[in-house]
> 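Pasting a structure below so you can have a look.
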Amino acid sequence: MKPRQIVDSIWSVGAVDWDRRLFDSLIPLPDGTSYNSYLVKGSEKAALLDAVDPSKADILLENLKDIPSLDYLIAHHGEQDHSGSIPLILEKYPKVTLICSPKAKGILIDHLGLSADRIVTVADGEMLSLGDRTLEFIHTPWVHWPETMCTYAREDRILFSCDFFGSHYAQSDLFIRDEAEIYLAARRYFAEIMMPFRTAIQKNLERIKGLKIDYIAPSHGPIYDRPAFILDAYREWISDKPKNSVVIAYVSMHGSTEKMVNHLVAALAERGVAAHLFNLAGVDLGKLASALVDASTIVLGSPAVHFGLHPNVASAAFLANALRPKAKFAALIGSYGWGQKMTEQALGLLPNLKVEVLPPLLVKGMPKEADFRAVEKLAETIAQKHKESGLL
Ligand code: FEO
């Protein structure tokens, strides 16, 4: 995309990546993404806010071709999808000063091999005058690295938030055009990288609470011209209270576990509990992560493989443990051929979760009538736990 003006003094000069389908070699990107970079031109100085992923550096450089001089390059975050083309910007503008938080300085040097004398660090709340425009730096650590910060353009009332409030979503419009679509994209993005840091996110939301914000301009996805939409969504996602829902992540090899989880879904529905069923053979991990944002209960469904969990189930448990969702209860169901040690293994994979572990339900071979009654009992227990927690 060519440079696009947001307000009188500010342009979007980054790149849309329609084709990217995987991030961190892990996270599916069904809607592509963008690497947003913003140019702020004051009456005396000009600043570029973030660079782009190195794969799209040619677009950023093309968008800057008519900008002969740049005074400041502000790096909100050291991860390479924003910082990776900083060396090219430093080369193009030999006199530009690179500005970042104190914690980011070492990260940028380590990751990009930058020279320390090109970097100036700024404190939380520090201001930078560009003449008739003023930038205020706001430290917002752990969204999702320790060094992250935002910039607030005071006169234009724009918060440049980098990953904070972002969404992996490619579109040609500069501003959000469909809040329902972006809600889902921003939620899965929050789940994938920020959910483990909910306490820090809570503090950061408090930190920006007093700002008068007309636009939130993240470094992925469209700009929010109704900031309350994404601020309200974040308040909901970081709250400690889960919803009346169950995430069931399972694999079935010969149909036994599948019969059990399907029966569990129906039994939960009869009791007014919403279930989200994920067959881990071919699951979209982003959807699974998103469902974990407010689930009260996590159920793992696994057949025994050499006594232990199916590797896909172990992988999902490992991911859930890393994402630290707010779930209050967990359970294991499944089947085995001749013996199993799945319970100990599952518990060992979930040390970060503050959950009450419900009694496991593991059957030998195909589930029989008594086993289906036991599944219904598990559904009843989950419904009762949700009721006692004020969720149902
Ligand atoms: Fe979009 Fe953490 O980088």
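Order of appearance sets the numbers: ligands from 1, and atoms from 1 within every ligand. Owing to the predicted nature of the structure, the values given are computational and were not obtained by experimental measurement.
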> Which pair of heavy atoms, one from S83 and one from L108, lies closest together, and at what distance?
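Heavy-atom minimum between the residues: CB-CD2, 3.9 Å.
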> Check the pair D240, R198 against salt bridge (Lys or Arg N to Asp or Glu O under 4.0 Å), reporting the backbone distance first and the verdict last.
CA-CA 9 Å; D240 291 328; R198 280 191 302 123; 3.2 Å; yes
> Are L159 and Y224 connected in the hydrophobic side-chain network, where two residues link if heavy atoms are under 4.5 Å apart?
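Same cluster.
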> Sub-3.5 Å donor-acceptor pair from the side chain of R118 to the main-chain atoms of P94, do we have one?
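Yes; at least one donor-acceptor contact below 3.5 Å.
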> For atom 2 (Fe) of ligand 1, check which protein N, O or S atoms are under 2.8 Å away and list them.
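Those protein N, O or S atoms (cut-off: under 2.8 Å from atom 2 (Fe) of ligand 1) are H77 NE2, E79 OE1, H144 NE2, D163 OD2.
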> In Å and rounded to the nearest 0.5 Å, what is the CG to CG distance from D53 to D81?
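Reported to 0.5 Å precision, the distance equals 6.0 Å.
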> Give me the ring orientation class for F160 and Y38: parallel if the planes are under 30° apart, tilted from 30 to 60°, perpendicular past 60°.
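If you compare the ring of F160 with that of Y38, the planes turn out tilted.
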